[in-house]
2 protein chains.
Amino acid sequence: MDAQLQRRYKARATIIKAVAHPTRLFIVEELKKQNRNAGELTEMIGADASTVSKHLSVLKNAGIISDERRGTTIIYHLQTPCILNFIGCVEEVLQAKAQDQMNIISSCKL
Amino acid sequence: MDAQLQRRYKARATIIKAVAHPTRLFIVEELKKQNRNAGELTEMIGADASTVSKHLSVLKNAGIISDERRGTTIIYHLQTPCILNFIGCVEEVLQAKAQDQMNIISSCKL
DNA sequence: ACTATATTTTGCTATATTACCAAATAGGAA
DNA sequence: TTCCTATTTGGTAATATAGCAAAATATAGT
(Lines give C-alpha, C1' and ligand atoms only; values in the text may rest on other atoms or scores of the structure.)
Protein backbone atom coordinates (compact mmCIF):
# COMPACT_ATOMS: atom_id res chain seq x y z
CA MET A 1 0.00 0.00 0.00
CA ASP A 2 1.71 3.22 -1.12
CA ALA A 3 1.81 6.42 0.90
CA GLN A 4 -0.77 8.27 -1.17
CA LEU A 5 -3.34 5.50 -0.87
CA GLN A 6 -2.64 5.34 2.82
CA ARG A 7 -3.42 9.04 3.19
CA ARG A 8 -6.64 8.55 1.31
CA TYR A 9 -7.73 5.79 3.69
CA LYS A 10 -6.77 7.91 6.64
CA ALA A 11 -8.84 10.81 5.38
CA ARG A 12 -11.83 8.55 4.90
CA ALA A 13 -11.39 7.02 8.33
CA THR A 14 -11.36 10.48 9.89
CA ILE A 15 -14.76 11.27 8.41
CA ILE A 16 -16.20 7.95 9.51
CA LYS A 17 -14.69 8.28 12.96
CA ALA A 18 -16.52 11.57 13.31
CA VAL A 19 -19.87 9.77 13.32
CA ALA A 20 -18.62 6.74 15.25
CA HIS A 21 -19.88 7.94 18.62
CA PRO A 22 -23.35 7.55 20.16
CA THR A 23 -23.79 11.24 20.89
CA ARG A 24 -22.57 12.38 17.50
CA LEU A 25 -24.78 9.83 15.80
CA PHE A 26 -27.71 11.26 17.69
CA ILE A 27 -26.78 14.79 16.70
CA VAL A 28 -26.57 13.90 13.02
CA GLU A 29 -29.92 12.12 13.09
CA GLU A 30 -31.57 14.97 14.93
CA LEU A 31 -30.19 17.55 12.53
CA LYS A 32 -31.54 15.52 9.66
CA LYS A 33 -35.01 16.16 11.06
CA GLN A 34 -34.46 19.85 11.71
CA ASN A 35 -31.82 22.44 12.46
CA ARG A 36 -31.04 22.93 16.13
CA ASN A 37 -28.92 25.25 18.22
CA ALA A 38 -26.29 24.06 20.66
CA GLY A 39 -28.51 24.61 23.69
CA GLU A 40 -31.36 22.51 22.31
CA LEU A 41 -29.02 19.67 21.47
CA THR A 42 -27.36 19.89 24.87
CA GLU A 43 -30.71 19.60 26.60
CA MET A 44 -31.81 16.63 24.49
CA ILE A 45 -28.54 14.82 25.10
CA GLY A 46 -28.35 15.62 28.78
CA ALA A 47 -24.59 16.01 28.99
CA ASP A 48 -22.42 18.94 29.94
CA ALA A 49 -22.61 21.82 27.47
CA SER A 50 -18.87 21.74 26.95
CA THR A 51 -19.01 18.07 26.07
CA VAL A 52 -21.71 18.59 23.47
CA SER A 53 -19.82 21.58 22.10
CA LYS A 54 -16.78 19.41 21.56
CA HIS A 55 -18.81 16.78 19.73
CA LEU A 56 -20.23 19.50 17.53
CA SER A 57 -16.76 20.72 16.69
CA VAL A 58 -15.68 17.21 15.71
CA LEU A 59 -18.58 16.99 13.28
CA LYS A 60 -17.92 20.48 11.99
CA ASN A 61 -14.23 19.83 11.41
CA ALA A 62 -15.15 16.71 9.49
CA GLY A 63 -17.36 18.84 7.25
CA ILE A 64 -20.50 16.94 8.17
CA ILE A 65 -22.32 19.83 9.82
CA SER A 66 -22.06 23.62 9.59
CA ASP A 67 -22.91 26.36 12.03
CA GLU A 68 -24.47 29.77 11.68
CA ARG A 69 -24.53 32.38 14.40
CA ARG A 70 -28.03 33.75 14.91
CA GLY A 71 -27.83 36.48 17.51
CA THR A 72 -26.86 34.90 20.74
CA THR A 73 -27.32 31.30 19.68
CA ILE A 74 -25.54 29.15 17.10
CA ILE A 75 -27.65 27.06 14.80
CA TYR A 76 -26.30 23.80 13.42
CA HIS A 77 -27.19 22.34 10.02
CA LEU A 78 -26.56 18.92 8.58
CA GLN A 79 -24.29 19.60 5.65
CA THR A 80 -24.16 16.09 4.20
CA PRO A 81 -27.38 14.14 4.76
CA CYS A 82 -26.03 11.16 2.82
CA ILE A 83 -23.77 10.46 5.79
CA LEU A 84 -26.71 8.58 7.29
CA ASN A 85 -27.23 6.36 4.27
CA PHE A 86 -25.51 3.43 5.87
CA ILE A 87 -27.55 3.34 9.05
CA GLY A 88 -29.82 0.82 7.36
CA CYS A 89 -26.84 -1.41 6.81
CA VAL A 90 -25.66 -0.94 10.38
CA GLU A 91 -29.05 -2.10 11.56
CA GLU A 92 -28.75 -5.14 9.29
CA VAL A 93 -25.46 -6.01 10.93
CA LEU A 94 -26.98 -5.65 14.39
CA GLN A 95 -29.93 -7.79 13.33
CA ALA A 96 -27.65 -10.51 11.98
CA LYS A 97 -25.60 -10.49 15.18
CA ALA A 98 -28.74 -10.87 17.26
CA GLN A 99 -29.87 -13.73 15.05
CA ASP A 100 -26.53 -15.46 15.52
CA GLN A 101 -26.91 -15.25 19.28
CA MET A 102 -30.38 -16.76 19.01
CA ASN A 103 -29.12 -19.60 16.86
CA ILE A 104 -26.31 -20.40 19.26
CA ILE A 105 -28.69 -20.53 22.17
CA SER A 106 -31.43 -22.58 20.51
CA SER A 107 -29.12 -25.10 18.84
CA CYS A 108 -27.20 -26.00 22.01
CA LYS A 109 -29.97 -27.35 24.21
CA LEU A 110 -28.46 -28.49 27.49
CA MET B 1 -32.74 10.58 25.63
CA ASP B 2 -33.88 7.44 27.47
CA ALA B 3 -31.64 4.52 28.36
CA GLN B 4 -32.93 2.16 25.67
CA LEU B 5 -32.38 4.67 22.88
CA GLN B 6 -28.95 5.34 24.27
CA ARG B 7 -28.05 1.66 24.07
CA ARG B 8 -29.26 1.60 20.50
CA TYR B 9 -27.00 4.49 19.56
CA LYS B 10 -24.11 2.87 21.35
CA ALA B 11 -24.62 -0.39 19.44
CA ARG B 12 -24.67 1.47 16.16
CA ALA B 13 -21.58 3.45 17.05
CA THR B 14 -19.74 0.22 17.83
CA ILE B 15 -20.37 -1.10 14.34
CA ILE B 16 -19.35 2.16 12.72
CA LYS B 17 -16.26 2.41 14.88
CA ALA B 18 -15.22 -0.98 13.59
CA VAL B 19 -14.70 0.46 10.11
CA ALA B 20 -13.40 3.83 11.31
CA HIS B 21 -9.75 2.97 10.87
CA PRO B 22 -7.58 3.20 7.73
CA THR B 23 -6.40 -0.40 7.89
CA ARG B 24 -9.83 -1.83 8.57
CA LEU B 25 -11.31 0.26 5.79
CA PHE B 26 -8.71 -1.20 3.47
CA ILE B 27 -9.50 -4.73 4.61
CA VAL B 28 -13.21 -4.30 4.01
CA GLU B 29 -12.65 -2.87 0.54
CA GLU B 30 -10.23 -5.62 -0.36
CA LEU B 31 -12.57 -8.34 0.86
CA LYS B 32 -15.31 -6.84 -1.25
CA LYS B 33 -13.18 -7.64 -4.30
CA GLN B 34 -12.28 -11.15 -3.18
CA ASN B 35 -11.79 -13.33 -0.15
CA ARG B 36 -8.32 -13.27 1.37
CA ASN B 37 -6.47 -15.05 4.12
CA ALA B 38 -4.76 -13.26 6.98
CA GLY B 39 -1.30 -13.64 5.45
CA GLU B 40 -2.29 -12.03 2.17
CA LEU B 41 -3.89 -9.11 3.93
CA THR B 42 -0.88 -8.72 6.21
CA GLU B 43 1.46 -8.53 3.23
CA MET B 44 -0.71 -5.99 1.42
CA ILE B 45 -0.97 -3.81 4.49
CA GLY B 46 2.66 -4.08 5.48
CA ALA B 47 2.16 -4.07 9.24
CA ASP B 48 2.96 -6.67 11.86
CA ALA B 49 0.89 -9.84 11.51
CA SER B 50 -0.39 -9.49 15.06
CA THR B 51 -1.58 -5.98 14.33
CA VAL B 52 -3.53 -7.09 11.28
CA SER B 53 -4.91 -10.03 13.20
CA LYS B 54 -6.27 -7.69 15.82
CA HIS B 55 -7.91 -5.51 13.20
CA LEU B 56 -9.51 -8.61 11.72
CA SER B 57 -10.90 -9.58 15.09
CA VAL B 58 -12.44 -6.14 15.54
CA LEU B 59 -14.25 -6.52 12.22
CA LYS B 60 -15.24 -10.07 13.07
CA ASN B 61 -16.65 -9.13 16.47
CA ALA B 62 -18.66 -6.41 14.83
CA GLY B 63 -20.16 -9.02 12.52
CA ILE B 64 -18.84 -7.34 9.38
CA ILE B 65 -16.56 -10.16 8.29
CA SER B 66 -16.42 -13.89 8.97
CA ASP B 67 -13.57 -16.37 8.95
CA GLU B 68 -13.22 -19.96 7.82
CA ARG B 69 -10.27 -22.18 8.60
CA ARG B 70 -8.93 -23.80 5.43
CA GLY B 71 -6.14 -26.13 6.39
CA THR B 72 -3.34 -24.02 7.72
CA THR B 73 -4.71 -20.65 6.69
CA ILE B 74 -7.79 -18.72 7.69
CA ILE B 75 -9.85 -17.16 4.95
CA TYR B 76 -11.81 -14.00 5.59
CA HIS B 77 -15.08 -13.10 3.90
CA LEU B 78 -16.99 -9.85 3.81
CA GLN B 79 -20.24 -10.65 5.56
CA THR B 80 -22.04 -7.37 4.97
CA PRO B 81 -21.05 -5.70 1.69
CA CYS B 82 -23.51 -2.86 2.25
CA ILE B 83 -21.17 -1.57 4.93
CA LEU B 84 -19.30 0.19 2.14
CA ASN B 85 -22.39 1.96 0.82
CA PHE B 86 -21.42 5.20 2.40
CA ILE B 87 -17.93 5.49 0.93
CA GLY B 88 -19.39 7.51 -1.90
CA CYS B 89 -20.77 9.95 0.61
CA VAL B 90 -17.49 10.07 2.51
CA GLU B 91 -15.76 11.02 -0.72
CA GLU B 92 -18.35 13.76 -1.23
CA VAL B 93 -17.52 15.17 2.18
CA LEU B 94 -13.80 15.09 1.39
CA GLN B 95 -14.45 16.78 -1.95
CA ALA B 96 -16.51 19.52 -0.32
CA LYS B 97 -13.80 20.10 2.29
CA ALA B 98 -11.16 20.43 -0.41
CA GLN B 99 -13.38 22.86 -2.30
CA ASP B 100 -13.79 24.96 0.83
CA GLN B 101 -10.04 25.17 1.22
CA MET B 102 -9.73 26.29 -2.40
CA ASN B 103 -12.36 28.96 -1.93
CA ILE B 104 -10.69 30.34 1.16
CA ILE B 105 -7.36 30.59 -0.61
CA SER B 106 -8.64 32.13 -3.84
CA SER B 107 -11.01 34.64 -2.20
CA CYS B 108 -8.43 36.12 0.19
CA LYS B 109 -5.86 37.51 -2.22
CA LEU B 110 -3.15 39.24 -0.22
C1' DA C 1 -19.74 50.18 30.79
C1' DC C 2 -22.30 46.35 33.21
C1' DT C 3 -25.17 42.24 33.32
C1' DA C 4 -27.13 38.16 31.60
C1' DT C 5 -27.22 34.36 28.40
C1' DA C 6 -25.21 31.13 24.97
C1' DT C 7 -21.35 28.82 23.50
C1' DT C 8 -16.59 27.59 23.17
C1' DT C 9 -11.90 26.84 24.95
C1' DT C 10 -8.70 25.18 28.32
C1' DG C 11 -7.05 22.15 31.95
C1' DC C 12 -7.38 17.98 34.00
C1' DT C 13 -8.18 12.98 34.69
C1' DA C 14 -9.83 8.61 33.34
C1' DT C 15 -10.38 5.47 29.76
C1' DA C 16 -9.67 3.45 25.23
C1' DT C 17 -7.05 2.48 21.07
C1' DT C 18 -3.10 1.23 18.55
C1' DA C 19 1.23 -0.82 17.34
C1' DC C 20 4.97 -3.69 18.13
C1' DC C 21 7.37 -7.70 20.25
C1' DA C 22 7.43 -12.14 22.32
C1' DA C 23 5.07 -16.23 23.43
C1' DA C 24 1.27 -19.46 22.67
C1' DT C 25 -1.77 -22.18 19.65
C1' DA C 26 -3.40 -24.89 15.55
C1' DG C 27 -2.64 -27.82 11.52
C1' DG C 28 0.03 -30.24 8.16
C1' DA C 29 4.16 -32.69 6.80
C1' DA C 30 8.33 -35.43 7.72
C1' DT D 1 6.76 -36.84 18.00
C1' DT D 2 9.12 -33.06 15.97
C1' DC D 3 9.38 -29.35 12.82
C1' DC D 4 7.46 -25.71 10.09
C1' DT D 5 4.18 -22.26 8.88
C1' DA D 6 0.02 -19.43 9.78
C1' DT D 7 -2.40 -17.02 13.03
C1' DT D 8 -3.81 -15.45 17.51
C1' DT D 9 -2.96 -13.84 22.42
C1' DG D 10 -0.78 -11.33 26.08
C1' DG D 11 2.04 -7.55 27.62
C1' DT D 12 3.45 -2.84 27.29
C1' DA D 13 4.26 1.89 25.89
C1' DA D 14 2.61 5.74 23.17
C1' DT D 15 -1.18 8.24 21.68
C1' DA D 16 -5.96 9.64 21.30
C1' DT D 17 -10.56 10.39 23.13
C1' DA D 18 -14.32 11.60 26.47
C1' DG D 19 -16.30 14.16 29.95
C1' DC D 20 -16.53 17.44 33.70
C1' DA D 21 -15.55 21.98 35.67
C1' DA D 22 -13.68 26.54 35.41
C1' DA D 23 -12.38 30.29 32.62
C1' DA D 24 -12.82 32.78 28.31
C1' DT D 25 -15.51 34.74 24.41
C1' DA D 26 -19.44 36.69 22.00
C1' DT D 27 -23.82 39.05 21.69
C1' DA D 28 -27.89 41.50 23.28
C1' DG D 29 -30.13 44.44 26.50
C1' DT D 30 -30.04 48.01 30.24
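Since the structure is predicted, the reported quantities are computational estimates derived from the model, not experimental observations. Computation of the quantities below employed the complete heavy-atom set of this structure, encompassing side-chain atoms and omitting hydrogens, waters and symmetry-equivalent molecules. Letters go in sequence order (proteins before strands), and every chain restarts at 1.
- Side chain of B/Y76, nearest nucleotide from D/dT8, C/dA26, D/dG19: D/dT8.
- Close to C/dA6, at under 4.0 Å from its OP1 or OP2, lies no side-chain N or O of A/T73.
- Atom-to-atom, NZ of B/K10 to P of D/dA18 comes out at 13 Å; the value is rounded to the nearest Å.
- Whole-Å rounding puts the B/I45 CD1 to C/dA19 C1' distance at 13 Å.
- Rounded to a whole Å, the CZ atom of A/R36 is 16 Å from the P atom of C/dA6.
- In this model, no side-chain donor or acceptor of A/T51 finds a partner on the base of D/dA18 within 3.5 Å.
- The CD1 atom of B/I75 sits 9 Å away from the P atom of D/dT7 (whole-angstrom rounding).
- If you run side-chain contact (heavy atoms from CB on, under 4.5 Å) between B/I75 and each of B/N35, B/D67, B/L31, only B/N35 comes through.
- At D/dG19, one or more side-chain N or O atoms of A/H55 fall inside 4.0 Å of OP1 or OP2 (strictly under the cut-off).
- Judged by distance alone, the side chain of A/S53 and the main-chain N or O of A/A49 form no donor-acceptor pair under 3.5 Å.
- Comparing A/A47 and A/R70 against DNA chain D, the residue whose closest nucleotide sits nearer the 5' end is A/A47.
- For B/S50, whose side chain is taken as the heavy atoms from C-beta onward, the closest listed nucleotide among C/dT8, C/dC20, D/dT7 is C/dC20.
- The backbone N or O of B/H55 lies less than 3.5 Å from no partner atom in the side chain of B/R24, so there is not a single donor-acceptor pair.
- The CD1-C1' distance, from A/I74 to C/dT7, rounds to 5 Å in whole Å.
- Comparing D/dA18, C/dG27, D/dT7 against the side chain of B/R69 picks out C/dG27 as the nearest.
- Between A/A62 and B/V93, the shortest heavy-atom contact is O-CG1, 3.1 Å.
- A sub-4.0 Å separation between OP1 or OP2 of C/dA19 and a side-chain N or O of B/H21 is present.
- Relative to the side chain of B/K17, the nucleotides D/dT7, C/dT17, C/dT8 differ in distance, and C/dT17 lies closest.
- In this structure, NZ of B/K54 is placed 9 Å from P of D/dT9, rounded to the nearest angstrom.
- At distances below 3.5 Å, not a single donor-acceptor pair connects side-chain atoms of A/E29 with backbone N or O atoms of A/F26.
- Across all strands shown, A/A38 has heavy atoms under 4.0 Å from sugar-phosphate atoms exclusively, and none from any base.
- The listed nucleotides are D/dT8, D/dC20, C/dT18; the one nearest the side chain of B/R24 is C/dT18.
- Atom-to-atom, CD of B/E40 to P of D/dA6 comes out at 11 Å; the value is rounded to the nearest Å.
- At whole-Å resolution of the value, CG in B/N37 and C1' in C/dG28 are 16 Å apart.
- Side chain of A/R7 to backbone of A/Y9: no donor-acceptor contact under 3.5 angstrom is found.
- Distances from the side chain of A/L56 to the nucleotides C/dT8, D/dA6, D/dT17 place C/dT8 closest.
- Note on A/T72: every side-chain N or O is 4.0 Å or more away from OP1 and OP2 of D/dT27.
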